Amino acid sequence: MRQWYLRITDYANRLLEGLNNVEFSDSMKEMQRNWIGKSEGAELDFDIINSEEKIKVYTTRPDTIFGVDFLVLAPEHELVQKITAEEQRSSINEYLHYVKSRSDRERISEVKQITGCFTGAFAINPFNGKQIPIWIAEYVLAGYGTGAIMAVPCGDQRDFSFAKHFHIPITNIIGENFNGNEANPTKEAVLSDADFLSGLKMADAIKVVIEKIEEKGIGRRKTNFKMRDAGFSRQRYWGEPFPVKWENGTAIPLDESQLPLELPHVETYGPGPEGEGPLANIASWTNKKLETSTMPGFAGSSWYFLRYMDPKNNNSFCDKKISDYWGQVDVYIGGTEHAVGHLLYSRMWTKVLYDLGLIGFDEPFKKLVNQGMIQGSSRFAYRVKGTNQFVSFGIKNQYMTDAIHVDVNFVDGIEMDVNAFKNWKPDFANADFILEDGKYICGTEVEKMSKSKFNTVNPDDLVDKYGADTFRMYEMFLGPIEQSKPWDTKGIEGVHRFLRKLWRMFFSDTNGKIWNEEKANDQEFKILHKTIRKIEADTENFSFNTAVSTFMVCVNELSEINCHKKEILDKLIILLAPYAPHIAEELWSQLGNEGSILNATFPAFEEKYLLETDKEYPISINGKMRTTISISLDANHPEVEQIVLSNDVVQKWLEGKTPKKIIFVKGKMINVVI
RNA sequence: GCCCAGGUGGCGGAAUUGGUAGACGCAGCAGACUCAAAAUCUGCCGUUCGCAAGGAUGUGCUGGUUCGAUUCCAGUCCUGGGCACCA
């Protein structure tokens, strides 16, 4: 069946280069780089004895040309039949039959198995005229490079194993760097017994050989990519239809006036007569000779963000003036599972649209944030083999046991409620338990949340109990957004207490309203502006866990000095609104403010409230912190030295000696070196 | 095997360019309030020696650079993730 392909390989290099201009995580960039799989090397032609044909090999290590002991073709290579010698033909055919019988799965899973077959033909090393045997083997892939390699057993482990297995003599070109027991893939060794390359370091020899190859006209510098073109048709109904019709085997694009092409109504979604998509069953469709495959899911997902900018436009996918205005997506949040799919395709489409002049940027997403997964923390009980007896975690090693997932909802921390366990499933009704210290302790493991692992926690239950704000803030408080971490329901109390404490700054349980309209003092402004600065920075950095802790510190500090002033509280709850929107909105209204807090102006940070005249300097003796001294920030080095040396603690450590040196970093620290 | 990220208290984690390690929270311990409970509040909380003051030690491990290293460098171990006969 004919299939459509997206020629993404044409963009391989630009997709690679473009990674330098986007803010993706290192691991995300690495995944894309691996997938694109750029490698630089050379193609090299080998003549074949008694044949007009040449074998083109691809190598990243042309420096090892004098260590070539054989060539290997992929079994699917087009020259295999042509060059095979008569006396080898039956063996070769047998091997080809064997390869064909093996599924991809087997080929991948039995990687270590060495198989191959000699063709009976010989090639000639273009540099020294040496005759080298030509083999075929399934470890060489038809789809990569030229489907043929030059094998250098002293430098490549697969080649080495192959040579050993088939008793092919090994040439050593790296002297004592090769020990005869395994290949050494180094580039640092100095070449020997390698003609004009002898004495050169391998890494340097690469360039020399490539120049020589091009000069002799027997090959060329060549870059290869692992990435393949992407299959772009699906034999399904749901998907954008291709605006293409077929005339005598030629695909003709529909005229723009015939667009948009919409999916026809169908009664059933069964496949077409010859395995095509469901559209092949629709006469009104096939009569027009329209393409019956549809596009895959990543077609639409590659450019939807552009359509969002201009969703009602009937003339174009998105007016350029509008995409110029909105520009790239500033922040894209998603999982790593899209690394080599959607995120690569949409980068390519954006480049295509940019090349066509239809948009003004060639990377879709400026910044990508991969949120971590909230994992489950599973609990296990240990059943003694062949019994209905369960042994506590700490003493389970005295028995042969099977671990069984236990529902986390009847385990408090790690202590299991044995009665709840008995009632859980009929099988366990008569279970008995071997306890430690009167308790049944469970084993734990962090895994994906999954019903089958009984480690799921239902957010709705928690929202019912604590409210959406608490739940939302606790999720943020758990840790850095990019990190996966296990859910721990116990910790949610802390965030809940914080919100209650916040509420008590406005209303007392006994006296009702306690917030007031008094003027705030410098100390209160200092606390507020310290908070504004930190919240602004943390929010921009997606450091939500530290932002939540900043709110806690702020409320702790304001409570300590009994601040209930609207002037301060107004600003605080505006900061809080993105983190705990419900309570912030409610308090905003309770404070008598007009309208929604969402329309309030974000408070401006003012440095002046944080200016200090003194600094509590840490004083180190030989790099170890011993005490602190409060010193004016204006003090210069000699003044500081005098203050420090007259300090009792410093005097004690000096033991009458004179310090060798006093290091003073203004506004930071002081270190006395004895 | 190759590549990437990461190893900090009982736990989740903090430490913005090398400058007071452990912020904030959970759990725990002791206490206040209460008939009691809940709620709230106070104190302690890396390890270790010490009644205390204070000292020693401490960011996976071994070295190095530095007045000073969780932070930089080299090596090594472990965990998580990705890729994998890609020549």
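Reminder, nothing fancy here: chain letters follow the sequence lines and each chain counts from 1. Predicted model, so just to flag it, every value in this text is computed and none were measured.
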> For A:Lys367, does the NZ atom have more than 12 heavy-atom neighbours from other residues, nucleotides or ligands under 6.0 Å away?
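Counting neighbours around NZ of A:Lys367, more than 12 heavy atoms of other residues, nucleotides or ligands fall under 6.0 Å, so yes.
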> At 4.0 Å (heavy atoms only), tell me whether A:Trp653 reaches a base, stays on the sugar-phosphate, or touches nothing.
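Contact class for A:Trp653: sugar-phosphate only.
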> Can you tell me whether the base of B:G55 sits syn or anti, using the 90° cut around 0 to define syn?
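With its glycosidic angle more than 90° from zero, B:G55 counts as anti.
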> Give me the distance, rounded to whole Å, that separates B:C33 from B:A23 when you measure between the C1' atoms they each carry.
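The same atom, C1', in both gives a distance of 30 Å.
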> Evaluate the ring planes of A:Tyr58 and A:Tyr144, with Trp represented by its six-membered ring, and classify them as parallel (under 30°), tilted (30 to 60°) or perpendicular (over 60°).
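Geometry flag for A:Tyr144 against A:Tyr58: perpendicular rings.
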> OP1 or OP2 of B:A56 versus the side-chain N and O atoms of A:Arg626: is any pair under 4.0 Å?
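Answer is yes, contact under 4.0 Å.
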> When rounded to the nearest Å, what value does the distance between P atoms of B:G60 and B:C11 take?
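14 Å, rounded to whole Å.
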> Quantified in whole Å, what is the C1' atom distance between nucleotide B:A74 and nucleotide B:U65?
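It comes out at 11 Å once rounded to the nearest Å.
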> Expressed in whole Å, how much space separates the C1' atoms belonging to B:G10 and B:U17?
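The answer is 34 Å between these two C1' atoms.
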> For a quick check of understanding: with a heavy-atom distance under 4.0 Å over all strands, which category does A:Lys624 fall into, base, sugar-phosphate or nothing?
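Counting heavy atoms under 4.0 Å across all strands, the contact made by A:Lys624 is with sugar-phosphate only.
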> Using a cut-off of 4.0 Å on non-hydrogen atoms, how would the nucleic acid contact of A:Gln483 be classed: base, sugar-phosphate, or nothing?
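The residue A:Gln483 makes sugar-phosphate contact but no base contact.
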> Is the centre of the A:Phe166 ring less than 6.0 Å from the centre of the A:Phe70 ring?
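Judged by ring-centre distance (under 6.0 Å), A:Phe166 and A:Phe70 do not meet the cut-off.
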> Between B:G55 and A:Lys652, is there an OP1 or OP2 to side-chain N/O distance shorter than 4.0 Å?
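Looking at the OP1 and OP2 atoms of B:G55, one of them is under 4.0 Å from a side-chain N or O of A:Lys652.
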> Could you identify the nucleotide paired to B:U20, looking across every strand shown and requiring Watson-Crick or G-U wobble geometry with both distances under 3.5 Å?
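Check on B:U20: unpaired, no WC or wobble geometry under 3.5 Å.
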> Would you indicate what A:Asn556 reaches in the nucleic acid, counting non-hydrogen atoms under 4.0 angstrom: base, sugar-phosphate, or nothing?
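If one applies the 4.0 Å heavy-atom cut-off, A:Asn556 turns out to touch the sugar-phosphate alone, with no base involved.
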> Which label fits A:Phe498 and A:Phe551: parallel for a plane angle under 30°, tilted from 30 to 60°, or perpendicular past 60°?
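Correct class here is tilted.
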> Scan every strand shown for a Watson-Crick or G-U wobble partner of B:U57, both distances under 3.5 Å, and answer none if you come up empty.
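Check on B:U57: paired to B:G46, both distances under 3.5 Å.
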> Tell which nucleotide pairs with B:G80, taking only Watson-Crick or G-U wobble pairs whose two distances are both under 3.5 angstrom.
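Paired with B:G80, as far as the under-3.5 Å criterion goes, is B:C4.
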> Report the base-pairing partner of B:A32 (Watson-Crick or G-U wobble, both distances below 3.5 angstrom), or none.
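The answer is B:U40, by the H-bond criterion.
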> Side chains of A:Val340 and A:Asn34: closer than 4.5 Å at any heavy-atom pair?
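No, side chains not in contact.
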> Would you check if the distance from the ring center of A:Tyr95 to the ring center of A:Tyr98 is below 6.0 Å?
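They qualify: ring centres under 6.0 Å apart.
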> Is the ring pair A:Phe160/A:Phe178 parallel, tilted or perpendicular, if the boundaries are 30 and 60 degrees?
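Rings of A:Phe160 and A:Phe178: perpendicular, over 60°.
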> Quick one: look up who B:U66 pairs with, Watson-Crick or G-U, both distances under 3.5 Å, and put none if it's unpaired.
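Pair assignment: B:U66 / none.
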> Looking at A:Tyr58, I'd like to know whether one of its side-chain N or O atoms comes within less than 4.0 Å of OP1 or OP2 on B:C86.
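For B:C86, neither OP1 nor OP2 has a side-chain N or O of A:Tyr58 closer than 4.0 Å.
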> Between B:C26 and A:Arg497, is there an OP1 or OP2 to side-chain N/O distance shorter than 4.0 Å?
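Indeed, a polar side-chain atom of A:Arg497 lies that close.
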> Considering every strand shown, what is the Watson-Crick or G-U wobble mate of B:C11 when both distances are under 3.5 Å?
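B:C11 is paired with B:G25.
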> Please tell me if A:Asn545 has a side-chain N or O lying less than 4.0 Å from either OP1 or OP2 of B:A23.
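No, no such contact exists.
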> I'd like the P distance from B:U59 over to B:U47, given in whole Å.
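B:U47 and B:U59 have their P atoms separated by 15 Å.
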> Expressed as a whole number of Å, how far does the P atom of B:C24 sit from that of B:C45?
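Nearest-Å result for B:C24 against B:C45 at atom P: 13 Å.
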> In whole Å, measure the gap between the P atoms of B:U70 and B:G22 for me.
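12 Å, rounded to whole Å.
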> Please give the distance between the C1' atoms of B:G6 and B:U76 as a whole number of Å.
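One C1' to the other, the span is 16 Å.
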> Over all strands shown, is A:Ser39 touching base, sugar-phosphate only, or nothing at heavy-atom distances under 4.0 angstrom?
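If one applies the 4.0 Å heavy-atom cut-off, A:Ser39 turns out to touch the sugar-phosphate alone, with no base involved.
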> Figure out the NZ/P separation between A:Lys38 and B:C3, and round it to whole Å.
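The distance from NZ of A:Lys38 to P of B:C3 comes to 19 Å, rounded to the nearest Å.
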> Any side-chain N or O of A:Arg158 under 4.0 Å from OP1/OP2 of B:C2?
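No, because none of the side-chain N or O atoms of A:Arg158 sits under 4.0 Å from OP1 or OP2 of B:C2.
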> Compare side-chain N and O positions of A:Ser549 against OP1 and OP2 of B:G13 and report whether any pair is under 4.0 Å apart.
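So the side chain of A:Ser549 is outside the cut-off, no N or O lying under 4.0 Å from OP1 or OP2 of B:G13.
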